[in-house]
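Since the structure is predicted, the reported quantities are computational estimates derived from the model, not experimental observations. Just so it is clear: chains get the letters A, B, ... in the order the sequence lines come, proteins before strands, and each one is counted from 1.
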2 protein chains.
Amino acid sequence: MREMELSERKMKILQAVVRNYLETGEPVGSRTISKYTDLNLSSATIRNEMADLEEMGYIVQPHTSAGRIPSDAGYRLYVDTMMQDKERDVAELRDNLLEKEERLDQLLKQTAKLLATVTNYASMVSAPSIHQNKLKLIQLSRVNSDQLLAVIVVEGNVIKNTLLDVEEELDDETILKLNILLNTHLNGLSIEEINLKLITTLKAQAGIHSDIISNVIDAVAKAIHEEDDLEIYTSGTNNIFKYPELTDGTKASELIGTFEEKQALNELVVRSLAEDNGTGIQVYIGDESPVESMKDCSIVTATYDLGEGMKGTIGIIGPKRMDYDKVVDNLKDVMHQLDSIYKK
Amino acid sequence: MREMELSERKMKILQAVVRNYLETGEPVGSRTISKYTDLNLSSATIRNEMADLEEMGYIVQPHTSAGRIPSDAGYRLYVDTMMQDKERDVAELRDNLLEKEERLDQLLKQTAKLLATVTNYASMVSAPSIHQNKLKLIQLSRVNSDQLLAVIVVEGNVIKNTLLDVEEELDDETILKLNILLNTHLNGLSIEEINLKLITTLKAQAGIHSDIISNVIDAVAKAIHEEDDLEIYTSGTNNIFKYPELTDGTKASELIGTFEEKQALNELVVRSLAEDNGTGIQVYIGDESPVESMKDCSIVTATYDLGEGMKGTIGIIGPKRMDYDKVVDNLKDVMHQLDSIYKK
DNA sequence: ATTAGCACTCGATTTTGATGAGTGCTAACA
DNA sequence: TGTTAGCACTCATCAAAATCGAGTGCTAAT
């Protein structure tokens, strides 16, 4: 028994167990499989095979004398080797999404909503990170006698505003000069390229207004990195109530908390971006989850790429018995749409 | 019995019922009241009085031979006439909040979080509406050969960005002229004051670039009204799991959905702002709720006023047996802090 | 290698009974 | 007349007991 290989038949049985459990959510018994599959075997035979599969760790019994349900390893095997492409019912999806919002945040919000509606699971969409982006425009304007408005535009047309306090009022001409100074030196540079030497040069040229330069640089750095910039949009979190296994005990509360905080979801985004294996799709089953409160869930993520280094993550969070085929399919589709939408 | 007046004694008993129920969440019986109150009466007497109170509709029995719990009317009477000021344990609160964020949205987010933590209920904070605000600055900059960036600053330092498409590239001088034109004519005006006549004048002066003027005006109007500007921050929605009466059946799901959508919460904001009675505090009990999914909740709202017409709503959503005294107190406190924080 | 048959297990559901908090009512009481 | 003691009654809650049935493992026959 030790060096047992996974026979064709066992595969088929495991697949049947998973499929059936995904549909019903109930432990599935030998008799059911016996009819469900095309291999004509009696329930007794199936029982023997299932006993083997259990020993190998692919399925478990919730209790003696109940059917079997897939273990995490079972799901994993299924996802890795047994998924099949579904008929895509995604035409409709494409239509809906195509009303291309000009505002990126709106588009992403809408994407999250759409995914949640289509899949009946919870969804999340992270705004793209813009780390390695290049500065496109810096614009200072006087707004009060003691405040300057700094508008910072980076590649990809992401816009940031910051208010700067200044001691003495600056006249129009000075502001104009500062603007020219900043733009001629900084435009086209990424944040990493703005080094100390450059800053020193700028300060020297700014003369008595060198402190403003410091402020602006700080603002730029802050605007680009800005922690809270990791906007994450969620939708359909209440879909988890459709799956009892996610709502008993305090699980529901914890999940909802996680979705509301959004802080923890960032972990998901980071992991997902880091582990990108080429397909852009990642599946986390149960304990594999990067987020503590989702140990009873499965998570499927996709990485989209708007070009110019703007990458983000979209994800679906549902029960372990989620419809992996469909979810992966939907996710791929949305991912490709996002990829292409800004490559006009 | 018909024209029975609410005797002093009945009031006291009702009050005791409410108080006790708020604490324990259990139906309260006559014997309990008999000891809980200072009026020395036997349980039998209390029973008679309670029967009266029930007939009058202030309390109800969940089932025969259980204690009584307050009806909506009972809560209402309590809130209107029987609340008392609590010892304020809010010093701590003040400290926490005072780390005055420079960014308004951050501050509001933090406020919501704080309220949720302190009260153990769900909270919401709406960003101030800025309808009647005056323009402070308009700034056009070229960002691409075919795109202009319009930055719009209104009183209260709320900043909006919009990208405008332009047909032919504009040179620096033209942009400068347009900026001057716009600012000299529009600064200090509220959106209502920008009428057709003014627009016509502007267009005439802009000559061949009159279409840009149209675009800018549109952008200004959009930026100020913008529907989705009704940002609403929520926090502690998972606190509802602490109150079983809010989580059985599909209630939890509906509530969570409402909080996530945020759309419906807007109704709350509008109502709350409209019905402001001077104190700034509003209490909605059960069916009085403006939001369908909160028919089993009580809602307490407060209206804050940052000055310059920037008003917003903060609210607490919890079970009907919420600690009204404390909630009102906390809310008042936070409201005042917000009121003063921007009146430096 | 497959299958029919059977005893067995155990969660889920229903049944039953005991408990006790709380009520309404009546009669006695100050 | 208002208050109170006493008592029968109701009914949710809990625990123990009984029942049910889906599903298993094992053995023996094919």
Side-chain angles (χ1 to χ4, degrees), chain A residues 1 4-14 16-18 20-21 23-71 74 244-245 248-249, chain B residues 1 4-14 16-18 20-21 23-71 244-245 248:
Chain A
M1 181 65 58
M4 168 172 303
E5 256 325 291
L6 221 60
S7 67
E8 181 78 10
R9 204 167 68 174
K10 284 197 172 56
M11 295 280 265
K12 275 200 171 167
I13 291 174
L14 176 57
V17 171
V18 175
N20 208 284
Y21 184 65
E23 272 180 26
T24 66
E26 298 288 314
V28 12
S30 52
R31 216 178 117 71
T32 313
I33 303 288
S34 156
K35 283 182 290 189
Y36 194 76
T37 54
D38 47 353
L39 20 83
N40 278 13
L41 293 176
S42 79
S43 61
T45 312
I46 304 287
R47 272 203 288 285
N48 291 330
E49 294 289 55
M50 282 169 84
D52 290 352
L53 282 169
E54 177 157 25
E55 196 181 351
M56 294 190 252
Y58 292 119
I59 54 181
V60 291
Q61 268 182 304
H63 54 265
T64 345
S65 87
R68 310 295 214 293
I69 66 176
S71 68
E245 65 265 47
D248 55 34
Chain B
M1 182 62 62
M4 169 172 302
E5 255 325 290
L6 222 61
S7 67
E8 179 79 11
R9 205 167 69 175
K10 284 198 172 57
M11 295 279 267
K12 276 198 171 169
I13 292 174
L14 176 57
V17 172
V18 175
N20 208 286
Y21 184 64
E23 272 178 26
T24 66
E26 298 289 313
V28 14
S30 52
R31 215 177 118 71
T32 313
I33 303 289
S34 157
K35 284 182 288 187
Y36 195 74
T37 53
D38 46 353
L39 21 83
N40 278 13
L41 292 176
S42 78
S43 62
T45 312
I46 305 286
R47 271 203 290 285
N48 291 330
E49 294 288 55
M50 284 169 82
D52 291 352
L53 281 170
E54 176 156 24
E55 195 181 350
M56 293 191 254
Y58 292 118
I59 54 181
V60 291
Q61 268 183 306
H63 56 265
T64 343
S65 87
R68 308 296 215 292
I69 66 176
S71 68
E245 64 264 48
D248 53 37

### Query
How long is the line joining CG of A:Asp52 and C1' of D:dC26, in whole Å?
14 Å
### Summary
For A:Pro62 and A:Gly67, the nearest pair of non-hydrogen atoms, with its separation, is CD-O, 3.3 Å
Using nucleotides 10-14 of chain D, report all nitrogen or oxygen pairs with the protein that are shorter than 3.5 Å.
| residue | atom | partner | partner atom | Å |
| --- | --- | --- | --- | --- |
| D:dT10 | O2 | B:Ser65 | OG | 2.7 |
| D:dC11 | OP1 | B:Thr64 | OG1 | 3.0 |
| D:dC11 | O4' | B:Ser65 | OG | 3.2 |

### Message
So, does A:Arg68 get its side chain near the phosphate of D:dA22, meaning an N or O under 4.0 Å from OP1 or OP2?
### Response
no
### Task
Rounded off to whole Å, could you give me the CD-to-P distance for the B:Gln61 and C:dA21 pair?
17 Å
### Task
May I ask you to decide if A:Ala44's main-chain N or O and A:Ser30's side chain share a donor-acceptor pair within less than 3.5 Å?
no
### Query
Roughly how many Å is it from CG in A:Leu39 to P in C:dA1, rounded to a whole number?
17 Å
## Note on the structure
In terms of heavy-atom contacts, B:Gly57 and B:Ser71 come closest through O-OG, 2.6 Å
## Note on the structure
In whole angstroms, the gap separating P of D:dG23 from CD1 of A:Ile59 amounts to 14 Å
### Query
Over how many whole Å does the gap from A:Ile69 atom CD1 to D:dG23 atom C1' extend?
15 Å
### Message
Looking at every heavy atom in both A:Gln61 and A:Glu54, which two are closest together, and how far apart are they?
### Response
N-OE2, 3.4 Å
### Message
Could you tell me how far apart B:Ile33 (CD1) and C:dG22 (P) are, to the nearest whole angstrom?
### Response
10 Å
### Task
Identify the heavy atoms of A:Leu6 and A:Met11 that sit nearest to each other, and give their distance.
CD2-SD, 3.3 Å
Interface polar pairs with nucleotides 3-7 of chain C, N/O, under 3.5 angstrom:
| residue | atom | partner | partner atom | Å |
| --- | --- | --- | --- | --- |
| C:dT3 | OP2 | A:Ser42 | N | 3.0 |
| C:dT3 | OP2 | A:Thr45 | OG1 | 2.7 |
| C:dG5 | O6 | A:Arg47 | NH2 | 3.3 |

### Query
What integer distance in Å separates B:Lys10:NZ from D:dT3:C1'?
14 Å
#### Entry: B:Ser42 backbone acceptor or donor facing B:Ser34 side chain under 3.5 Å
no
### Nearest non-hydrogen partners of A:Pro27 and A:Ile69, listed with the distance
CA-CG2, 3.6 Å
### Message
With side chain to side chain contact (heavy atoms under 4.5 Å, CB included) as the test, pick out the partner of B:Ile13 among B:Ile46, B:Ile59, B:Thr45, B:Thr37.
### Response
B:Ile46
### Task
Give the minimum heavy-atom separation between B:Leu53 and B:Leu14, together with the two atoms involved.
CD1-N, 4.0 Å
### Task
Take the protein atom CE of B:Met50 and the nucleotide atom P of C:dG22, then report the distance between them rounded to whole Å.
10 Å
## Note on the structure
Of B:Glu49 and A:Arg31, the one whose closest nucleotide on DNA chain D sits nearer the 5' end is B:Glu49
